[in-house]
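Before any comments, here is the structure.
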There are 2 protein chains.
Amino acid sequence: MATRKRTDALTRARIVDAAIAVLDADEEAGLTFRALSQALATGPGAIYHHVSGKGELLDAATEAVVTAALDLPGGGAAPREEVHALALGLFDAIDDHPWVAAQLAAQLARTSAHGASLRILEALGRRVMTLGVPREHWFTTTTALLYYVLGAAGQNAAARESSGGDDRAAVLAREADAWESLPAEDFPFLRAVAAQMRDHDDREQFTAGVDLVLAGIAASGARVSGGSAR
Amino acid sequence: MATRKRTDALTRARIVDAAIAVLDADEEAGLTFRALSQALATGPGAIYHHVSGKGELLDAATEAVVTAALDLPGGGAAPREEVHALALGLFDAIDDHPWVAAQLAAQLARTSAHGASLRILEALGRRVMTLGVPREHWFTTTTALLYYVLGAAGQNAAARESSGGDDRAAVLAREADAWESLPAEDFPFLRAVAAQMRDHDDREQFTAGVDLVLAGIAASGARVSGGSAR
DNA sequence: ACCTGAACACCGTTCAAGT
DNA sequence: ACCTGAACACCGTTCAAGT
């Protein structure tokens with residue numbers, strides 16, 4: 001909020017930091033070059049000396065958040081624990097910066113894999129390689145993990161956002177109510193799972209999902225690697 | 001392309017059809033109310049009599065595409081085959097209308113589940129219920145499947161788009177080359193999977209990924225349901 | 001009631017002019 | 001070289017005026 005009075009020169013890093021602050025406060029729609037230049041106490045044109053346009057700015061902001069989230073302690077933990085740590089790191093990062101979810105999704109939809117999403121893919125894949133998965137499943141396995149992590153974390157963040165500061169339990173109850181009032185012939189599944197939505201822990205359910213995908217990995221790799229079943 | 005000369009009255013359905021045509025031709029950035037009204041031989045304001053704004057229009061266009069894709073033959077096939085059919089139906093729909101992937105992702109990121117994404121969740125979940133998965137895993141299992149299907153189908157569509165009409169094999173080779181030229185210490189995983197990217201069938205790999213998630217489902221359900229292992 | 005299209009309040013981006 | 005901020009070419013949306 002404190003509109004700095006250009007104490008030091010404009011840098012790409014300061015611009016990206018300011019962009020993250022604006023995105024956190026006002027979501028993607030709030031990030032305009034006018035708002036951003038005001039926060040930096042300069043004119044809109046100045047930003048273009050350090051960043052080629054809005055697209056690159058969004059990518060850079062996403063990259064900064066993801067890089068921080070992927071920075072693990074580094075002590076050689078078991079690969080399965082590292083996958084958990086990476087997944088939860090991204091979960092929390094997206095929880096803090098909900099706009100990152102849509103940004104990563106758009107980045108993935110735009111191209112095969114670039115920038116931040118490429119880094120995530122590599123970080124997850126490196127652990128998958130050591131989990132006893134047959135080599136020909138490495139890629140599919142890792143992308144499945146990536147999609148689950150981004151999808152579930154994004155949905156969690158969206159649910160928190162829409163609460164508007166409400167009690168989390170109240171939001172879950174409202175959602176559960178909505179699902180239970182759907183027509184029974186058309187939505188048997190959503191009605192069936194509505195109850196279990198009413199009380200669950202978000203992070204716990206997220207980790208359970210990661211384990212489910214890892215179970216698929218273990219099952220498809222069982223023929224080769226034998227058991228880490230226990 | 002044929003700018004009709006308002007033979008019949010403007011309807012919501014005609015507007016949505018025209019929007020889909022524009023999106024298919026010019027991607028999301030090409031859908032403006034000016035372009036759309038020109039295609040419909042009217043003024044921009046006319047559209048607002050049938051649709052509340054651009055957001056609703058995008059949702060309606062997505063809904064139309066997804067509804068068509070989810071419309072299965074209906075003969076009671078095995079649930080596993082039906083999941084395959086649903087997944088491939090979405091895969092092909094997103095292949096034909098690449099903008100749908102980003103739209104569904106945004107829809108999921110915006111809210112817990114609405115409109116088109118809610119329908120997909122229900123369609124997949126109904127089959128998951130009959131696959132012997134323990135009840136407490138229904139929701140996580142189905143969302144994992146949903147995220148994989150949307151993520152993988154979207155990425156496939158993006159890869160096709162970026163080819164610009166090039167030979168598919170050439171695109172894969174170029175991507176494989178790019179991955180292989182990444183620094184070895186930083187990207188051991190992507191370098192390891194680059195080779196298998198060079199020649200693979202897109203739909204085949206997609207189905208293999210669906211099976212991987214289904215394997216996770218089978219593994220976590222094994223304790224309860226016994227084997228459809230074969 | 002539905003349509004029309006000019007007008008309004010924005011936006012990203014550019015660029016002459018300053019330092 | 002970096003910054004400034006007015007100006008340009010758009011955009012979604014509104015609304016008086018028409019039929």
Side-chain angles (χ1 to χ4, degrees), chain A residues 2-63 99 102-103 106-107 109-110 115, chain B residues 2-63 99 102-103 106-107 109-110 115:
Chain A
T3 59
R4 287 186 126 173
K5 290 186 180 178
R6 75 237 127 84
T7 50
D8 25 309
L10 216 50
T11 64
R12 189 186 153 96
R14 284 214 329 160
I15 291 170
V16 170
D17 284 349
I20 291 173
V22 172
L23 285 164
D24 287 347
D26 300 322
E27 210 56 38
E28 188 178 340
L31 182 68
T32 67
F33 275 74
R34 280 163 183 84
L36 184 60
S37 62
Q38 200 186 359
L40 290 163
T42 181
I47 298 167
Y48 287 88
H49 284 271
H50 302 91
V51 160
S52 77
K54 191 171 187 181
E56 192 194 307
L57 184 58
L58 280 167
D59 281 346
T62 305
E63 181 100 19
W99 49 273
Q103 213 49 42
Q107 208 175 97
R110 203 163 57 224
Chain B
T3 61
R4 286 187 126 171
K5 291 186 178 180
R6 75 241 127 82
T7 50
D8 26 308
L10 216 51
T11 65
R12 190 185 152 94
R14 283 214 328 158
I15 291 170
V16 171
D17 284 349
I20 291 173
V22 172
L23 286 164
D24 287 347
D26 300 323
E27 210 54 41
E28 188 177 341
L31 182 68
T32 67
F33 276 74
R34 283 165 181 82
L36 184 59
S37 62
Q38 199 186 359
L40 290 164
T42 181
I47 299 168
Y48 287 88
H49 284 270
H50 302 91
V51 160
S52 78
K54 192 171 185 179
E56 193 193 307
L57 183 58
L58 279 166
D59 281 347
T62 304
E63 182 100 18
W99 49 272
Q103 213 48 42
Q107 208 174 98
R110 204 163 56 224

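Order of the sequence lines fixes the chain letters, A, B, ..., with proteins taken first and strands second; residue numbering starts at 1 for each chain.
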Without decimals, in angstroms, what is the distance between A:R14 CZ and D:dC3 P?
9 Å
Rounded off to whole Å, could you give me the CZ-to-P distance for the A:F33 and C:dC11 pair?
12 Å
Nearest 0.5 Å, what's the NZ-CG distance between A:K54 and A:L31?
5.0 Å
Inter-residue atom distance B:L36.CG - B:I15.CD1, 0.5 Å rounding
7.0 Å
DNA chain C in dot-bracket, Watson-Crick or G-U pairs under 3.5 Å, [ ] crossing, | other strand?
||.|||||...|||||.||
Rounded to the nearest 0.5 Å, the CD atom of B:Q38 sits from the CZ atom of B:R34 at a distance of 11.5 Å
Check the distance between C:dG12's P and A:L57's CG and give it to me in whole angstrom.
10 Å
Take atom CD of B:E28 and atom C1' of D:dG12, then tell me their distance rounded to the nearest Å.
14 Å
Can you tell me how far P of C:dC3 sits from CZ of B:R12, to the nearest Å?
15 Å
A:I47 CD1 to C:dT13 C1', straight-line distance once rounded to whole Å
11 Å
Work out which heavy atom in A:A61 is nearest to a heavy atom in A:V16; give both atom names and the distance.
CA-CG1, 3.9 Å
Of all the choices, C:dC3, D:dC8, C:dG5, which nucleotide is nearest to the side chain of B:P44 once you look at every atom?
C:dG5
Between C:dG12, D:dG12, C:dC3, which one does the side chain of B:L10 approach most closely?
C:dC3
Judged by nearest nucleotide, the residue sitting upstream toward the 5' end of DNA chain C, B:G43 or A:A46, is B:G43
Sugar-phosphate only, base, or nothing, as touched by A:L31 at under 4.0 Å among non-hydrogen atoms:
sugar-phosphate
How about B:H50 and B:R14: do any of their side-chain heavy atoms sit closer than 4.5 Å?
no
What's the CD1-C1' distance between B:I15 and C:dC3, to the nearest Å?
11 Å
OP1 or OP2 of C:dC2 versus the side-chain N and O atoms of B:H50: is any pair under 4.0 Å?
no
Starting from C1' on D:dT13, measure out to NZ on B:K54 and report it in whole angstrom.
12 Å
Nearest to the side chain of B:R34 - D:dT13, C:dT13, C:dC3?
D:dT13
Pair A:R12, A:E56 - check salt bridge (Lys or Arg N to Asp or Glu O under 4.0 Å), show working.
CA-CA 11 Å; A:R12 189 186 153 96; A:E56 192 194 307; 2.4 Å; yes
Of the candidates C:dG12, C:dC3, D:dG12, the side chain of B:A9 sits closest to C:dC3
Could you walk me through whether A:W99 and A:I20 pass side chain to side chain contact (heavy atoms under 4.5 Å, CB included), step by step?
CA-CA 9 Å; A:W99 49 273; A:I20 291 173; 4.1 Å; yes
Side chain of B:H49 only, heavy atoms from C-beta on: which candidate in C:dC3, D:dG12, D:dC3 is closest?
C:dC3
